[in-house]
**Student:** 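One structure coming up, written as structure tokens, with questions to follow.
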Amino acid sequence: MDVEGSASDGSRQVGVRFVTKLRAPSLRVPRPPSPSLPTSPAWASPRSSTSSSKTPIPNTRTNLSTFLWMESLFACRSISSCWPREKVLEIEYVKAIVPKKQEDPCIHDDWVSAVDSSNGSFILTGSYDGFARVWTGGAVCTHILAGHNDAVTSARVINRKGHEGENNFYLATGSKDRSLRLWKFDAAEHVDHPLRIGAYKILPGHTSSVQSIASDPSSEMICSGSWDCSIKLWEVNGSEAAGDTVSIKKRKLNSTSSESEESQLEGAATSTLLGHTQCVSSVAWPHPQIIFSASWDHSIRQWDVQTGKEIRNMVCGKALNCLDIGGESSALIAAGGSDPILRIWDPRQPGTLAPVFQFSSHSSWISACKWHPRSWFHLLSTSFDGKVMLWDLRTAWPLVKIDSHNDKVLCADWWKDDSVASGGADSKLYITSGIEIH
Amino acid sequence: MKKEIPAEPLSDESERSDSTDPSEDVELSSYYGEDGEENGESGGESDSSEDEVSSLDDGEDRGTNGDVIKSVEESDSSEDEVAPRNTIGEVPLEWYRDEEHVGYDVSGKKIKKQARKDKIESFLAGADNVKNWRKVYDEYNDEEVELTKEEIKVISRLLRGKTPHAGVDPYAPYVDWFVWEDKAHPLSSAPEPKRRFIRSKWEDKKVVRLVRAIRKGWIKFDKPKEESQFHLLWTDDSNAADNKRHGVNYIAAPKPKLPGHEESYNPSIEYIPTEEEKNAYQLMFESLRSVPAYDMAVKEVFDRCLDLYLCPRSRKKRLNIDPESLKPKLPSRKDLRPYPTTCYLEYRGHTGPVKSLSVEISGQWLASGSTDGTVRVWEVETGRCLKVWDVGESVQHVAWNPSQERPILAGHDVLLLNTGLGDAEVQMRIKELLHVEESKSSEDTGDHGSAVRWFRHDKYDGIVLKHFKSVSTVEWHSKGDYFATVSRSVLIFFVATKKFVRVYDLESQRMIKKLETGCREVSSISLHSTGDHVIVGSREGKMCWFDLDYSSKPYKTLKIHQKDITSVSFHRTYPLFASCSDDCTAYMFHGMVYSDLNQDPLIVPLEILHGHTRSDGRGQIDHVSYLRVQEYYVANSILDSLGCSLLVQTPLSSFTATEMQQNDAEGFTL
């Protein structure tokens, strides 16, 4: 629908037309209004209107309870530097995103360092107390994955579809005790008491804390980044024989040290990617052949899985904490680190290392960033300032700020497309739902 | 008496020169030659020739007069002076072909063309006149010239290639008219004639005239100038010789104010008071003796002395220099990025002042020692406190073992701690190591008496080293006022005492250098990664930069802090160094060391880091250190535990009295 109008302030007049794709008739601007634009200098110059384009304007009709947000699209797409007076500005507006409800936090015993909610039925969290937990339905802790000797730094759900039925899931965790562990659990079984399960496979090999885990899209392999500056690739179910022999050895060793664990397999890394000079703080595996890694040595590197060679090395001047691949055709790199700016690079642009987007509303280090699994434009970021922010690439300001945490937020993930699960140093996992993505 | 006789005053001179002239003429004319016949009468001829020349100058009737031409011919020298009748110059004559005149004479009148004879007429004239063949038509002057017999003769001689005049003998014997016999030189070497030494007659006359004038008193001689008897008392004596002796820059003393008539004991008439004034106060005195003493005399003399004393006595050159231009040219701070600017992380947990910090070699862990008796290990990335050891006494210094395989923390001042951060095998090795050290140390104890004693810490699985005097760890050395750091590459050992830094070579075990800091008390020392530069912080807030290759004196001394510098530190990769002080601030500097030895290190102050809270005037930042490869800057502050009251007002202070800050290198870059 279109609504035309014009606003005047002194000599300057801008004709505007409000456009929306919203279906609900109640959200539409009435036909003949004269929507008086807030004619600030920001309106006078189209360039600066990009920054102010998210100004919420109260709807002209009183019975509309929702705020309308102006899309910055008009500024980016249709405004040239010199706007002729005769033309009518098209302003698309969308509904403001208001997080609907805040569910009760899931209390952990220690800092929540990792969360993975890529599966809609449960949320996997890792904590500094050395346990990983499975929260079925996002509310009840049904499984406790025990076995790590030190803080769990990353946890990942390896979706292995059609392998052993719908409800069997493989999980992987990495820990500061220099090992990765693989877990199997059945989401179908319902228990009242949290069930402790042990790892079915241990992947030792890193010589320092494992910092990050990513899984292959085909769920056959995982890769891990560590403080020993290396990235290691592991097979999820590997060759059982080799694993067995190792586990026997291990058992012998363990018997002397009076540690008796159940049939645990050990696996060795299939390959190691060397090149970083500092802690590899984050890895992402968006494509079967490509691994991205971010490191404290200020670089983002792209690796070819087949050859194990480094394809690309982007130096961005900051120690990086997090990295995610997504956005338009899953090609944009979002990364944040030791400054309050979330940066997004487009590696398809040749010859430039300048980020295409920079979001700087945080006030402390970025600890995690995550693209929306469906949308090309939305991503969320968490920071040590205790806030989780939802960003739209088309705007300069965060769509939503979630500040339910009262300490550093360490991790966050999307859950069921419209919810955000975030955990932090206040030992709580918050799930914020009702975030509509357009 | 003059030797030469001046020319002008002599009246006889003209006569004398006149008498000489004709003889010269004779000689010249005879030399240039004439016809043989005329040689004899040359004297008279020359006279007449001059007359003729002068008459020719009139130019009236030349050409018609044959005598004139003759005379012209006779004197070759004067031939050029005969001006043609026509004055048009060397222009083509055809310009005048159609005119009625052929040109202009000297007076500007037109010279009319003569009527032309036709051929017959001229032929008839030739036939009539036998001498007609001698006539030549002068086109220039438009006249017919009849050549004389002599001229014909000259022409015919010229045509034959002979000299124009028959009397000239080209081969005549050379007559040397100059007499060479008695002359060695062309100039006479004869003795000067007497007349050149005696006065001439007119000089005699002149002398007589002057003598007569002097005798009669007509001529008066100048008397010597008498110096004036009086001189100006108050004249400006700035030109006096006394004042010049000080050179250009000398400025004369200021003049006292001159006394006027008011001060006179006998004033001039206009200053004599009137009757009423006299009645009002007595001013006049009988004599100088009756004048009372001037009451302000001493004060005025004093003022005068003060003037003389305080006045500038030399001219100072004032240079108009822009003070900005005197500042050293420093690069812009923006160009020196990255450097820490903003505090992002705080490490909370200590309840007492943090005395020491140490960062593990990989940059993952951070150890801190505090006066609350605890040693804590932190995760740098998140600020999480991983481990706490309570050692009971205040911890002065903590240090990580620099080798990555042995995560041992040497803390407190006597305690070696196993941080338990290695994996199992490493842990085993550490345990072994600690045991071995125990046994070894017991042997050492036997050897060195009771210098060091080693104990096993009962609680924390570590080793206690009991020292009586000095406390040492693997890499550093500390005892009260003594600090040390080891540069591992060249095996040089730095020991800082109160005033000096001594540099020892560990291999040859001798002192290489002694650095004079010039400070009262050295509190901290840090060594640049190249090993050639040392910064030293002192208790009086001064920081000295030493270039070991350069001198034993500080290359640069920076006086920046108000209070004691507690710690200084170099960044290991970036050209940065920092100092922190008891005044709650930390200063960040850019210290670029060039590989070019000729270039001095560049030191630029970058940033002052605030953020630590002061309490009871005892707020301190106690230690700065850099992570090895990260750009993080770590500083921690001391808050006296008594100062917690100040912190209680802040929401997060209930559990912390100490904060450590971690700053990002670049801060905001938008």
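First the proteins, then the strands, lettered A, B, ... as listed; each starts at 1. Any value given below was found using the heavy atoms of this structure, including those in side chains, with hydrogens, waters and symmetry copies removed.
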**Student:** For B/Trp365 and A/Ser209, which heavy atoms make the closest approach, and how far apart are they?
**Tutor:** CZ2-OG, 4.3 Å
**Student:** Go through the atoms of A/Asp407 and report whether side chain, backbone, both or neither lie under 4.5 Å from a heavy atom of chain B.
**Tutor:** neither
**Student:** Does any part of the side chain of A/Leu410, heavy atoms only, come nearer than 4.5 Å to the side chain of B/Arg384, both counted from C-beta?
**Tutor:** no
**Student:** Say you draw a straight line from CG of B/Leu386 to CG of A/Asp150; how long is it, rounded to the nearest 0.5 Å?
**Tutor:** 7.5 Å
**Student:** Identify, with sequence neighbours excluded, every residue that meets ring pair (Phe, Tyr, Trp, His ring centres under 6.0 Å) alongside A/Trp345.
**Tutor:** none
**Student:** To the nearest 0.5 Å, tell me how far B/Glu379 CD sits from A/Tyr128 OH.
**Tutor:** 3.5 Å
**Student:** Taking side-chain contact (heavy atoms from CB on, under 4.5 Å) as the test, write out the residues that go with A/Ser383, two or more places apart.
**Tutor:** A/His362, A/Ser364, A/Asp385
**Student:** Heavy-atom distances under 4.5 Å only: say whether A/Ser208 touches chain B with side chain, backbone, both or neither.
**Tutor:** side chain
